[in-house]
Amino acid sequence: MDATSRAPRLAVVGKGGAGKSVVAATLARLLARRGHRVLALDSDTLPGLSLSLGADVPDEPPLNAAAEQNEQGRWHLKRGIGPVRAVQRFSTEAPDGVRVLQIGKTDRRGLQPVRPSHNAFFQIIHRIDDAPSLRDWVILGDLPAGARQTAFNWAPYAQRFLLVVEPTWQSMLTARRIARIARTMREDADFSLVVNKVTAEDDAERVQEFLDIPLTAVVPADEGVRSAERAGVALLDHAPDSPVVDAIERLADTLDVASMQRS
Amino acid sequence: MKIVVAGKGGVGKTTVSGTLARALARTGHEVLALDADTNPMLGVSLGVGPEQTDLLVAVRQGLETGETEHERSTEGFVERFGRDAPDGVRLVVASRIEQANPGCMCCGVSPEGLLNELESDGKIIIGDLEAGIGTVLRLQEGQADVVVIVAQPTAKSLNVARRAVEMAADKSALTIVVANRVRDESDLAVIREAVGDDCEMVIVPDDAAIARADREGRAAIDVDPDSPGVRAIVGLADRLAAMAVPA
């Protein structure tokens with residue numbers, strides 16, 4: 001691998017319930033099975049990605065131990081902790097060898113228990129591009145519903161935004177707004193479209209025409225996903241033969257294979 | 001009476017809010033539908049139309065761009081930035097994230113702030129909250145008369161619903177769980193197990209008419225007012241209308 005090439009760095013975005021976590025988790029595991037080192041970035045305080053990966057949800061955010069407060073009360077990374085150390089020490093393991101770095105989950109105390117890890121996570125993702133030893137890692141961020149994190153620069157690593165969209169107006173309008181905001185944040189980023197829960201023949205075309213973003217995957221509505229989601233388990237473990245897994249395999253194919261070869 | 005609607009993203013909060021608002025208006029009540037989601041889509045479910053909904057000016061952004069001289073009363077915001085929706089419902093969008101670095105969403109005019117400040121004063125206010133539990137957490141104690149928590153039979157939605165039910169107990173006198181997209185007894189059983197036996201529950205069956213409304217960007221109550229899902233939400237509206245001060 002030459003000095004400038006790098007493994008894909010994606011942020012998965014869309015409206016709530018569009019299927020972001022299922023797509024992100026399945027894609028992460030399939031890429032890991034192909035031999036890539038995969039880092040999943042979970043910046044949602046809800047456990048969607050963990051459930052879809054089939055990973056445990058830690059009681060306390062592991063990254064809380066990475067941050068400390070200075071005299072002014074501002075949180076910063078502890079001395080000696082950068083993106084590489086953070087991944088080594090504070091990421092957790094998910095099936096197929098995917099590593100997960102997570103912001104931490106809220107409980108009824110609200111955001112307060114995750115405030116250190118919240119800050120640590122934000123600082124780590126802003127320095128992740130500078131870490132040479134992470135260059136050949138696929139980085140896959142699963143952002144919470146809506147445009148909020150995109151607007152506040154929670155995907156500074158993203159070369160590509162993967163918009164997961166259902167063929168409904170609410171989902172399409174949300175995706176259009178996120179794409180508009182992301183374009184102003186990251187002028188060099190690519191956008192690609194995953195049309196999910198497709199039931200009619202012209203669904204994908206309709207969504208693609210509305211958003212005018214290149215279509216990379218058409219994912220059918222599927223009982224396997226419904227039943228995995230009901231059980232709160234990974235689609236890959238619950239219904240490995242689901243046509244949704246096929247569709248996400250093809251999505252994995254379309255990612256730049258050349259740049260993904262390990263050096 | 002103040003009603004707020006909460007739940008995980010994509011569970012049907014906005015469909016429930018929009019349909020409730022329309023049905024309550026049909027009982028003769030004055031209804032204010034407050035879109036308290038920074039990704040505001042309530043207009044779609046009220047029947048305002050998708051592109052029209054996308055163009056609505058939110059109170060916060062309207063004030064920021066100086067579209068009007070600052071109107072200090074919350075009622076003034078509603079008057080200035082509200083628009084009419086079918087059946088006489090008044091729709092107000094609190095705040096929309098529409099650009100990069102939009103500034104702290106909790107400072108200035110915030111969805112929760114508007115919701116807390118608005119006085120129902122004889123009308124029914126329905127607040128469609130942002131996805132997740134943060135919004136329920138930020139509600140002031142006793143601010144809502146009814147918290148409606150929408151859940152569907154998926155582990156992720158029930159994770160949110162379970163916690164929202166716990167928090168809602170401090171915020172309002174009555175919590176109602178809407179069990180949405182229920183296909184059979186086992187769907188219902190997983191929802192009941194997650195939220196506990198003490199909660200009042202309204203069952204909204206999985207409904208092709210509601211799915212069609214979502215695809216077409218129309219109000220479910222306009223697509224088919226007699227479909228089982230719409231009828232279940234109208235039933236809830238009738239119960240809430242009876243609780244409210246008569247119009």
Side-chain angles (χ1 to χ4, degrees), chain A residues 14-22 44-52 57 105-111 144-153 166-174 176-178 180-186 197 199-200 203 206 210 225-233, chain B residues 7-15 37-45 49-51 53-54 96-105 130-134 136-138 152-160 163-164 166-167 170 181 183 186-187 190-191 206 211-218:
Chain A
K15 187 182 175 299
K20 291 180 295 298
S21 292
V22 172
D44 197 339
T45 54
L46 300 175
L49 183 67
S50 297
L51 290 173
S52 289
V57 183
K105 308 306 162 204
T106 49
D107 58 19
R108 62 176 315 173
R109 292 168 295 170
L111 269 180
R148 189 180 284 264
Q149 280 198 352
T150 302
F152 284 104
N153 203 15
E166 288 182 68
T168 67
W169 273 95
Q170 288 195 32
S171 193
M172 294 192 299
L173 291 171
T174 305
R176 184 170 71 182
R177 192 173 297 282
I178 295 172
R180 220 180 260 157
I181 294 169
R183 277 202 182 94
T184 68
M185 301 286 299
R186 309 255 320 137
K197 305 186 194 180
T199 55
D203 277 351
R206 211 159 55 86
F210 179 78
V225 173
R226 186 181 152 91
S227 116
E229 287 293 288
R230 218 180 85 151
V233 297
Chain B
K8 184 189 173 294
V11 296
K13 283 183 297 303
T14 302
T15 298
D37 188 345
T38 56
N39 180 38
M41 295 290 164
L42 182 55
V44 180
S45 291
E51 291 289 8
T53 297
D54 201 48
R96 177 192 281 119
I97 292 179
E98 51 194 359
Q99 60 184 36
N101 302 311
C104 173
M105 301 309 286
E130 187 155 328
I133 51 170
V136 183
L137 203 62
R138 288 192 291 272
Q152 61 181 9
T154 66
K156 292 169 194 169
S157 144
L158 294 172
N159 174 287
V160 171
R163 294 191 284 162
E166 275 177 31
M167 290 174 192
D170 303 331
R181 300 193 180 126
R183 286 193 190 169
S186 62
D187 279 351
V190 294
I191 297 176
D206 198 28
R212 190 150 68 86
D214 284 341
R215 295 171 69 92
E216 295 176 0
R218 296 167 64 201

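Just so you know, these numbers come straight off a predicted model, no measurement behind them. By convention in this document, chain letters (A, B, ...) are assigned in the order of the sequence lines, proteins followed by strands, and residues within each chain are numbered from 1. Keep in mind that the numbers below use all heavy atoms, side chains included, and drop hydrogens, waters and symmetry copies.
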Of B/T38, B/N39, B/D54, B/L137, the largest count of non-hydrogen pairs under 4.5 angstrom with chain A goes to B/D54
Interatomic distance, CD1@B/I97 vs OG1@A/T174, rounded to 0.5 Å, equals 11.5 Å
Cut-off 4.5 Å, heavy atoms of chain B, and the answer for A/R148 is both
Ranked by heavy-atom pairs below 4.5 Å to chain A, first place among B/G217, B/A213, B/P50, B/G134 goes to B/P50
Given B/Q99, B/M167, B/K8, B/Q152, the one with more heavy-atom pairs under 4.5 angstrom with chain A than any other is B/Q99
The interface call for A/T184 against chain B, heavy-atom contacts under 4.5 Å, is side chain
The reported gap from CZ in A/R177 to CZ in B/R96 (rounded to nearest 0.5 angstrom) is 4.5 Å
When the 4.5 angstrom heavy-atom criterion is applied to A/P167 and chain B, the contacting part is both
Sequence neighbours excluded, the answer for ring pair (Phe, Tyr, Trp, His ring centres under 6.0 Å) partners of A/F210 is A/W169
Among A/G146, A/P47, A/A200, the residue with the most heavy-atom pairs under 4.5 Å to chain B is A/P47
Interface check, chain A: of B/N159, B/D37, B/L158, B/V136, most non-hydrogen pairs under 4.5 Å belong to B/N159
Chain A shares the most heavy-atom pairs under 4.5 Å, among B/K156, B/R218, B/E51, with B/K156
Heavy atoms of B/G103 and A/F152 approach each other most closely as O-CZ, 3.2 Å
- Are the side chains of A/R230 and B/D187 in touch, meaning some heavy atoms are under 4.5 Å apart? yes
Here the gap from B/D214 atom CG to A/K197 atom NZ, rounded to the nearest 0.5 Å, amounts to 10.5 Å
Heavy-atom nearest pair, B/G132 first then A/L46, reads CA-CD1, 4.3 Å
As a quick check of understanding, evaluate side-chain contact (heavy atoms from CB on, under 4.5 Å) for B/S157 and A/E229, giving each step before the final call.
CA-CA 9 Å; B/S157 144; A/E229 287 293 288; over 6 Å; no
Note: B/A155 and A/A231 closest approach over all heavy atoms is CB-C, 4.2 Å
Turns out that what part of B/R215 lies under 4.5 Å from chain A's heavy atoms comes down to both
Closest heavy-atom pair, B/A100 versus A/I181, reported as atoms and distance to 0.1 Å, is N-CG2, 3.9 Å
Does B/V44 reach the side chain of A/L173, with side-chain heavy atoms less than 4.5 Å apart? yes
A/A145 meets the side-chain contact (heavy atoms from CB on, under 4.5 Å) criterion, sequence neighbours left out, with A/K20
